[in-house]
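Just so we're on the same page: letters track the sequence lines, and every chain starts at 1.
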Amino acid sequence: MKHLHPASDQGYDPEAVEAKWQERWAAEHVNEPDLDTPTRPFYNLMMYPYPSAEGLHVGNMFAFTGSDVFGRFKRLQGYDVFEPIGFDAFGIHSENYAIKVGTHPAELIPRNIANFRRQLRRMGGMFDWRQELSTTDPAYYKWTQWIFLQLYKAGKAYKKLGAVNWCPECKTVLANEQVIEGYCERHPGVRVEQRNLEQWYFRITEYAEKLLRHLDDASKMDWSESTAAAQRNWMGRSEGADITFKLASGDGTMAVFTTRPDTLFGATFMVLAPEHPLVGQVTTTAERSAVEDYVRATAAKDIVSRRVGERDKTGVFTGGYAINPATGAEIPVWIADYVLMEYGTGAIMAVPAHDERDLEFAEKFDLPVVRVIDENERLIASGSFTGRPASAAIGDITHWLEEKDLGRGKVQYRLYDWCISRQRYWGPPIPVIYCEDCGAVPVPEADLPVLLPPLEDFRPDDSGTSPLARNEEWYFVSCPDCGERGHRETDVSDTFLDSAWYYLRYPSTEFDDRPLDPSRTKTWCPVATYIGGNEHAVLHLLYARFLAMALHDLGHLEFDEPFLKFRAHGLIVKDGAKMSKSRGNVVIPDEYVARWGADTFRMYLMSLGPFQEGGDFRDAGISGPRRFLDKVWDLVGRCVSEDAIGEINHTVMVKWHQTKHKVSQDIEDLKYNTAIAALMELLNVLREVQCHEQRVVEDMLVMLAPFAPHFAEECWERLGHERSIFSASWPSWDPSLLVQDQIEVVIQVNGRTRSKVQVPRDADEATVVAAALADEKAQRHLVGKSVQKRIYVPNRLVNLVVG
RNA sequence: GCCCGAGUGGCGGAAUGGCAGACGCAGUGGACUCAAAAUCCACCGGGGGCAACCCCGUGCGAGUUCGACUCUCGCCUCGGGCACCA
């Protein structure tokens, strides 16, 4: 390693500087806060990466750097910052990739992780590597299984039949994103089907109302509005009523959910989802074969194309009738795949006059359309409700139904329970044992973890169950309750479960007898600032919130919202599109870091655009930040080798304090690009007046440290400091120096800028207007006209309106 | 179709009711050099003018205002997300 003399006036050599400080930070434990007795704990969390074979790309680096800048800023403000890192390494993507390259994931993943670790160290993140975790580590997934058991025991985990995508060629279940326009991603000619399989679910819907309510509670969460909006959207709360329709045959009823009970008099037919349990009962003999054909055809469609694909209305008449409780009319019952079993009651009352979808269906099958609301939004043809405003009738009719016990006001959510089952190999086995006598029995906590067996061949096979079922030695176990022969659950859990609680594990990674240490958790959680991509706005962030609420209710957590502040970072765009593997426009940061240094690269990424909006990656601009660092390096050299000028002139003084104010504000707001620009402006002023006063340069280095940490450390040391710059404190400013004594006030005539005058700060209106009227350039635009109005904005402008 | 962003010089972007284009990249001219790189200095939205200056200009069209990149209404384009949710 190159030796660097502290006071060297040699040029800036990023490679040597960065290696030196990375080594020293590790040796001196600079990035490791006291986890047990911190003075001012601050949990700075970044969404952990998914270690793919390609390594981190520039988009990931942008996000990590932005989070690290914030953590370092808080550190300099005197907080004990905990900035952990880990790896989200289970899941179907890793598994498919492993199958593709023919290497076992257990071998592949550690290799990928090692590469990620190298990249993350190289960029100079302030990570506390003591607390590193990987979700694939049995020491981690033992507790993922433990969490499943807690939820299971509390009745928050259950098993039911669920519709899934099934590829007859792969003989396995596919995630929605693996179904491309109805065909299997891996088998372009093979249509994906829908199958009903037993799956494990978590009861997230129990928390729908609370999940929604907290989004508007500033004391619980301060989140990017776009993220909160996405969650509201996903939960899809709607108010309406459940209404009961009697079947005309006299035996039984069918329930529907509607948001428009006011249109009840216009319901001219009913539609059931093809899977609806009542279908068999309402279907008449004459229609049975047609109905059965339709039900079969629907089942053969995959879920995705049913929801997204062809939107032409299809359906068949069941032959059965229901009675409209408002009109007493017998109306036909149809089945159609535009009604979804998962939403509401899986059945609707169709009001074609006031619902586009129902209208389309009615027109196609020649069903009656009855208008019940006029152009003034008042009810018509609605019995005693005729004439009522539709908005009021919603409540009126609901009330009337409640009185007659035919319906009930209801809040319906779009949110459905979280399916955590995966019929795959690469995940934590769900800790359940099936016994012929005892049924599903949870694995005793003392027996955790249920280790994922090292299967040689982990490919999904013809059986349609997880490959784990093939390993007899693992599969057959004795029942924990009765000791008779039983077998293990072969589903593994969703990766979203791994990531729903990882933030809780970081402070407690060294404990192997408990998932989280109560004292550590109390000290550090909930997370102070969480930064991540908005692609996880719904699933990951919602599941993590749900799990915190569930664990809170079960007495494991004192809080019920995991992330106090969440900010979504922007996307790095390349060639007009988001940087992603599938678009083939990813840029790997390594060569840039090697050529320019991590500090220059960090600064470049942070100056591309506002952090929360992202930016456009073009490598052309990277020389700018490097030139800036070279100039600062040179300035520090002057501090060391030349006598400082004794007095800081007024221009420098004002710029210095303005910069401290602006950079502090901008970093707090994640406006890193303008913070960097402000530092550049300060440098330009210092160079212009040839000032190299050490007090100013030191403040500048502290402000630069979040962006260019190694560089700032080295310069700090060159200035004679022995302790890390991160032990220094963030500079404060003198508010009285933020404004100049002499202010340049703009003179406008009819709103157009014509001149400027220098006046003392806070001069009174009369003085400034007099100066404006006396101004030669302004006068040119005033000749022959009279001033009709004078607008004065203190310390900014005078506008003379003339006519 | 619905929801969320964004449209400003050659390029990335700054300014959130008050001097449009901060800062940076690229470019042009000059200094240094045998030369080049690096560095330093100057210029750098468009049009007119010898110049002082003047006019035009923030996706498009209206509006509010003394004054609009910024606010309001109606469009267009791009990016991201969701999608037959009754």
Residue-phosphate contact under 4.0 Å: Arg414(A) side-chain N/O, rA86(B) OP1/OP2: no

Base partner of rU77(B), which must satisfy Watson-Crick or wobble distances under 3.5 Å: rA6(B)

Nearest heavy-atom neighbours spanning Leu773(A) and Gln779(A): O-NE2, 3.0 Å

Gln748(A) (side chain) and rG18(B) (base): donor-acceptor pair under 3.5 Å: yes

Base-pairing assignment for rC23(B) (Watson-Crick or G-U wobble, both under 3.5 Å): rG12(B)

Base-pairing assignment for rG1(B) (Watson-Crick or G-U wobble, both under 3.5 Å): rC82(B)

Test applied, ring pair (Phe, Tyr, Trp, His ring centres under 6.0 Å); reference residue, Tyr592(A); option that passes from Phe617(A), Tyr604(A), Phe62(A): Phe617(A)

Any donor-acceptor pair under 3.5 Å from Thr345(A) side chain to Ala255(A) backbone: yes

Exam field: side chain Asp764(A) to backbone Ala766(A), donor-acceptor pair closer than 3.5 Å: yes

Nearest heavy-atom neighbours spanning Pro325(A) and Ile243(A): CG-CG2, 4.1 Å

Side-chain donor/acceptor of Asp699(A) to backbone N/O of Val696(A), under 3.5 Å: no

Presence of Arg752(A) side-chain N/O under 4.0 Å of rC56(B) phosphate oxygens OP1/OP2: yes

Sugar-phosphate, base or nothing in reach of Leu608(A), heavy atoms under 4.0 Å: sugar-phosphate

Nearest heavy-atom neighbours spanning Ala230(A) and Val538(A): O-CG2, 3.7 Å

Any Arg754(A) side-chain nitrogen or oxygen under 4.0 Å from OP1 or OP2 of rC53(B): no

Sugar-phosphate, base or nothing in reach of Arg237(A), heavy atoms under 4.0 Å: nothing

Residue met sooner reading RNA chain B from 5', once Asp355(A) and Asn799(A) are mapped to nucleotides: Asn799(A)

Polar atoms only, N or O, under 3.5 Å: list the protein pairs with nucleotides 22-24 of chain B and their distances.
residue	atom	partner	partner atom	Å
rA22(B)	O2'	Glu681(A)	OE2	2.9
rG24(B)	OP1	Asn684(A)	ND2	3.2

Lys789(A) side-chain N/O to rC66(B) phosphate OP1/OP2 under 4.0 Å: yes

Side-chain N or O of Ser226(A) closer than 4.0 Å to phosphate OP1/OP2 of rG80(B): no

Phosphate contact (rG81(B) OP1 or OP2) by His536(A) side-chain N/O below 4.0 Å: no

